[in-house]
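Here's the structure we're looking at; comments come further down.
Bear in mind that the values here come from a model prediction, so they are computed numbers and not experimental data. Whatever order the structure lists them in is the order used to number ligands and atoms, beginning at 1.
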Amino acid sequence: MRRRLIAGNWKMNGSRESLAELDGIAAAAAQAEGVDVAICPPFTLIERATARVPALPIGAQDCHAVDKGAHTGCVSAGMLVEAGAQIVIVGHSERRAAQHESDAAVKAKAEGAIAAGLTVIVCIGETEAQRDAGEAQIVVTGQMRGSLPVAGGDRLIVAYEPVWAIGTGLIPSLADVGAMHRVIRGVLIELLGAERAATVRILYGGSMTGDNAADLLAIPDVDGGLVGGASLKAATFVPIIAAAAA
Ligand SMILES: O=C[C@H](O)COP(=O)(O)O
């Protein structure tokens, strides 16, 4: 039985003052039976966040593939572990687009993160143009084949985020989410074997809120959410945690 995971991605938002939001989030997480909760703030807040709410897993939003070296401006998975992070997101569509990250680059980061002992959330998802062209499942399947690490066990998590649903208030139909998560589970079985694939959580991401979380989380093979905007405030994130626990 996979435990649900509700992970917040603060993206490039938040300040030291924002860490006060973690108090309410950690309190809700402690009450939520059978649900894991995590927050991924910007790099600069990771250490303070872990100190403020030690029981709440804190993650990062990216890492470099290698452990150390001449990579100006980059942060390795080992450095994240030292800062107290337990999780890292790799391959978010915003980085695939703006930093031109390829599937191979995402896979290397995921492997580096797994080797350093982190849980890794690998993001995949189609653009609006790809969906309109009827290519969504082909795109997502290709991203999985190219981006997923071979190791990881239950420290590997997949997040399906249709790019056009991120920050737009739009979500796919529940039937479309279900169909895509079924495809993703099938590809996991093909890549990892049935036993390991059954341990991998598949999150849905894209405009998840307290209003739609219960419906999305009721879909088979939706094992949680990767939440952007609604994770910035306890007032909007806690209802999603509550929906996952219900
Ligand atoms: O990583 C999170 C996603 O990009 C979803 O963002 P959103 O909840 O603001 O749409």
Nearest atoms (heavy-atom pairs only) where A110 meets V90 = CB-CG2, 4.1 Å
Salt-bridge criterion met for D176 and R131 (N-O under 4.0 Å) = yes
Over 12 non-hydrogen atoms of neighbours within 6.0 angstrom of CZ in R3 = yes
For ligand 1, would you mind listing the residues that have at least one heavy atom less than 4.0 Å away, ordered by chain and number?
-> N9, K11, H92, E161, A165, I166, G167, G206, S207, L226, V227, G228, G229
Provide the full list of ring-ring contact (aromatic ring centres under 6.0 Å, His included) pairs with a residue in residues 55-91, sequence neighbours left out, each pair given once.
-> H64-H71
Using only heavy-atom distances, determine whether the side chains of Q61 and W10 contain a donor-acceptor pair under 3.5 Å.
-> no
Kindly determine whether D154 and R196 satisfy salt bridge (charged side-chain N to carboxylate O under 4.0 Å, His left out), including the steps that lead there.
-> CA-CA 8 Å; D154 63 1; R196 274 194 58 210; over 6 Å; no
